[in-house]
Amino acid sequence: MSAIRLPDGSVRRFDAPVTGDDLARAIGPGLARAAVAMVVSGRVVDLSSAIDADAEVRFITREDPEVLGLIRHDAAHVLAEAVQELYPGTEVTIGPAIENGFYYDFAHEPPFTPEDFPPIEAKMREIVAARAPFVREVWERAEAIAFFEAKGEKYKADIIRDLPEDETITLYRQGGWVDLCRGPHMRTTGDVGTAFKLMRTAGAYWRGDHRNPMLSRIYGTAWRNQKELDSYLAMLAEVERRDHRRISREMDLFHLQDEAVGSVFWHPLGWRLYRAIESYLRRRLDADGYQEVRTPQLVDRSLWEKSGHWEKFGAHMFTAEVADEHRTLALKPMNCPCHVQIFTRRLRSYRELPLRLAEFGSCHRYEPSGALHGIMRVRAFTQDDAHIFCTEEQIAAETIRFMALLSTVYRDLGFPAFEVKFADRPDVRAGSDETWDRAEAALREACAAASVAYTLNPGEGAFYGPKLEFVLKDAIGRDWQCGTLQVDFVMPERLDAEYVAEDGTRRRPVMLHRAILGSFERFIGILIEQYAGRLPLWLAPLQVVVTTIVSDADAYAALVARACEAAGLSVQQDNRNEKINAKVREWSLRHVPVLLVVGRREAEAGTVAVRRLGAAEQEVLPLGKAVGRLAAEARSPDLRPAAA
RNA sequence: GCCGACGUAGCUCAGCGGUAGAGCAACUGAUUCGUAAUCAGUAGGUCCUCGGUUCAAGUCCGAGCGUCGGCACCA
């Protein structure tokens, strides 16, 4: 006897266990057709599973967004069946649903390539059209292992061996094909629908461990209908359209070349953008009690040994040997040990704390070749780094203060929304468990004091301390981890930093490592993609182009350009003998925010036609007024008069 | 670093054993034109590098370098 409560509040009672299918039919034929799975007391299960106790039950149909996970998981099974049918001898491993799609990892030599997609996709569509029911079977552990080993599926057998002893081993059958799977699945392969597409292949280590064999992964995407698939593909096209590597070439910002892999050649306009951000941030830091410092690029290895970086990251440091001196220098991969040197240079008093040392620190890291990506991941980069030396009691106040600064900077740069993650102790770490307990507790309390809501990111802390990670959301919904705040009790100990407390005793300061942008290079890449190249006027490296309609206006155009320059705007003049259409097009493609178009009319009247990037209309204004407005808009946010 | 794909003119790409191509950009000339491509002409290439196969190699093979997509990494 079970009582089943439905979403509308009604309760149905059954004397015997009832399956989802039965229940749906009992409620109505429409639901019986539409349901693909159900949620029993919060757990998604197959419609074929029986309910034998009191429960709250809700059905999932194609209308529910959560059906996407089921479609994608089922699609992964369909993919695996198709692949095994077409490529006998291929071993299956795992194939989960992921954000926007699914993948399946196969052991197959040679690895699959996109050329294999058309036949695989065609086979998948056959399997979907066949509407084979998914049938769940419970197996004995030993039998299941024997079954997969007999089939030559050693990965599957391994998976079963690693499952906890009490885990129920379930297999799902679809037509003639069967796979180890926890489920749940929809009713038939037909429920996958037709809105799916294989996207790309990739190598992926078995169980994500680089010591294991590499498997051949096939990624796909799957949606409820063609319209959703199309809009997802459109989103991908948008990502490509915004690619900072393409846009920065159009804007002539920088380039990369083989002779300096992972280092940026900043062109004049790119460097202008860089400096706009740097000066803005420098003013914000100056105003917030930071003192800027500059520390060496090349530092003897002994310092890195003391700090612990040599042991953990030595393989990723660039080193230099000097011919006459017997020493190894390392290009600094980060700034904290150097900042500690400034702190420890003399005896410090508690009165000096918190001491905030900031540096736009140029760092080099020998990143693995496969990690490099445009200017987002490079080997030479500059951090907006700072270290706050303070007492344990000051951590909370400093956290609040930092959060305020960070929010302001993100807002000014066009990222009003960000999330916070709390990354706690990693497996490999420096410092005792007691130290970590204290550091994590201090950071948690600081978050509470600053009213910061965070999600946990387990095991992802730095080797010397727990950290907060600040994750930006961009205009098309992507996440970018940029800022960080790390609590460090370990480095002051290792590098012997201390101060004299009020009572005359010597104490260890706490170090807070913090950054807002992370790396300038990466952040500028993110910024370009966020704005798709259409930077706000104050950041645009080339703000204004004055362009003529007829050559009679050349002299007047020069006057206009000088007026812009005098107002501090970055301006170029375009007197080329081209049609205005062509000039508008070219400067638009270079993402120049403002075109001041002048012809005979403007020259005579002393006006300019202001054409904003992407706008169809222009506004004709007196020159002085136009320049005044643009200059006001081009002012850095921190230099603008407070809003009235 | 690992797996795969790719590397041809400034950019985007075609050519896949037999005399290096196109569009755009550049340059020259004509055109003076009102808001996203005016017309004509000219010039431009160690086909990533090194080695091999071949009468003959962008083209086939090998190694290296780099880029791209994942994986792993990210102090």
Side-chain angles (χ1 to χ4, degrees), chain A residues 103 105 109-116 199-219 243 245-246 249-250 252 255-259 261-262 304 307-317 332-337 363 365-374 377 381 383 385 426 428-430 460-465 467 481 484 486 488 491 513 518-519 522 547-554 575-590 595-602 609-618 620:
Chain A
Y103 67 78
D105 285 346
E109 287 296 333
F112 294 109
T113 74
E115 283 169 22
D116 299 317
M199 302 297 286
R200 56 171 49 107
T201 58
Y205 298 110
W206 167 234
R207 290 184 163 145
D209 189 325
H210 68 273
R211 291 165 300 196
N212 287 339
M214 183 152 278
L215 304 169
S216 179
R217 175 174 297 179
I218 295 177
Y219 281 98
D243 192 314
R245 292 165 297 192
R246 195 174 57 74
R249 192 169 48 234
E250 291 164 358
D252 192 19
H255 82 270
L256 300 159
Q257 69 183 51
D258 293 358
E259 286 80 356
V261 171
W304 305 111
S307 70
H309 290 95
W310 190 264
E311 191 192 350
K312 187 142 196 328
F313 295 108
H316 297 282
M317 288 163 74
K332 72 173 168 187
M334 21 84 69
N335 309 296
C336 37
C363 297
R365 294 178 185 174
Y366 181 64
E367 301 285 3
S369 56
L372 301 177
H373 175 83
R377 187 84 181 267
F381 57 96
Q383 294 178 318
D385 201 6
V428 181
R429 55 180 181 262
E460 293 296 320
F463 76 91
Y464 46 70
K467 62 183 179 186
Q481 199 223 299
T484 183
Q486 309 173 3
D488 182 1
M491 204 64 58
H513 307 239
S519 115
R522 179 161 177 273
T547 184
T548 52
I549 290 171
V550 292
S551 50
D552 287 353
D554 285 0
N575 291 1
R576 284 175 310 156
N577 177 13
E578 289 290 344
K579 292 188 135 184
I580 191 62
N581 285 297
K583 296 206 262 192
V584 165
R585 178 166 195 274
E586 283 175 29
W587 292 113
S588 299
L589 289 174
R590 293 188 56 181
L595 287 187
L596 297 182
V597 180
V598 295
R600 286 199 191 92
R601 290 206 298 266
E602 288 77 12
V610 183
R611 186 192 202 280
R612 304 298 299 237
L613 176 57
E617 281 144 28
Q618 314 101 49
V620 178

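Per chain, numbering begins at 1; letters A, B, ... match sequence-line order.
In terms of heavy atoms, A/A202 sits closest to A/Y219 at CB-CE1, 3.9 Å. For the pair A/Q486 and A/A462, the tightest heavy-atom approach, listed with the atom from each and the gap, is OE1-CB, 3.9 Å.
The shortest side-chain heavy-atom distance between A/T547 and A/L596 does not fall under the 4.5 Å cut-off. At least one side-chain heavy atom of A/P337 sits under 4.5 Å from a side-chain heavy atom of A/H309. Between A/V584 and A/R611, the closest side-chain pair of non-hydrogen atoms falls below 4.5 Å.
Here the options are A/E602, A/R600, A/K583, the test is side chain to side chain donor-acceptor pair (under 3.5 Å), and the partner is A/T548; only A/K583 passes. Just one of A/D385, A/N335, A/T484, A/D488 meets the side chain to side chain donor-acceptor pair (under 3.5 Å) condition when paired with A/H513; it is A/D488.
For the C1' atom pair drawn from B/rU19 and B/rG45, the interatomic distance equals 15 Å after rounding to whole Å. With both ends at atom C1', the span from B/rA25 to B/rG10 equals 7 Å, rounded to whole Å. Comparing the P positions of B/rU8 and B/rU46 gives a spacing of 13 Å, expressed to the nearest Å. With P as the reference atom, B/rA63 and B/rG44 are 37 Å apart, rounded to whole Å. The separation of B/rC2 from B/rA26, taken at their C1' atoms, amounts to 42 Å, rounded to a whole angstrom. For B/rC39 and B/rC71, the P atoms lie 47 Å apart once the distance is rounded to whole Å. Atom name P, nucleotides B/rU59 and B/rG15: the rounded distance is 15 Å, in whole Å. The separation of B/rU54 from B/rC61, taken at their P atoms, amounts to 16 Å, rounded to a whole angstrom.
In this entry the base of B/rG58 is syn relative to its sugar, with a glycosidic angle within 90° of 0.
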For nucleotides 34-39 of chain B, just jot down a letter per nucleotide in 5' to 3' order: B, S or -, based on protein non-hydrogen atoms under 4.0 Å.
BBBBB-
Produce a footprint string for nucleotides 64-75 of chain B: one letter per nucleotide, 5' end first; B if the base is under 4.0 Å from any protein heavy atom, S if only the sugar-phosphate is, - if neither.
--SSSBBBBBBB
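Pairing of B/rG29, defined by two Watson-Crick or G-U wobble distances under 3.5 Å, is identified with B/rC39. In this entry B/rG45 has no Watson-Crick or G-U wobble partner, no candidate having both defining distances under 3.5 Å. The pairing partner recorded for B/rA5 is B/rU67, the criterion being a Watson-Crick or G-U wobble arrangement whose two distances lie under 3.5 angstrom. If you check B/rG23 for Watson-Crick or wobble pairing at under 3.5 angstrom, you find it paired to B/rC11. In this structure B/rG34 sits in no base pair that meets the Watson-Crick or G-U test at under 3.5 Å. Pairing partner, B/rG18: B/rC55, with both Watson-Crick or wobble hydrogen-bond distances short of 3.5 Å.
Residue A/R249 places at least one side-chain N or O under 4.0 Å from the OP1 or OP2 atom of B/rU12.
Note: CD1 (A/I218) to C1' (B/rC3) measures 13 Å, nearest angstrom.
Heavy atoms of other residues, nucleotides or ligands lying less than 6.0 angstrom from CD of A/Q257 number more than 12.
Looking at residues two or more places apart in sequence or on another chain, you find a side-chain contact (heavy atoms from CB on, under 4.5 Å) between A/Y205 and A/H210, A/M214.
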Please assess A/D209 against A/R207 for the test salt bridge (charged side-chain N to carboxylate O under 4.0 Å, His left out), listing each intermediate value before the final yes or no.
CA-CA 5 Å; A/D209 189 325; A/R207 290 184 163 145; over 6 Å; no
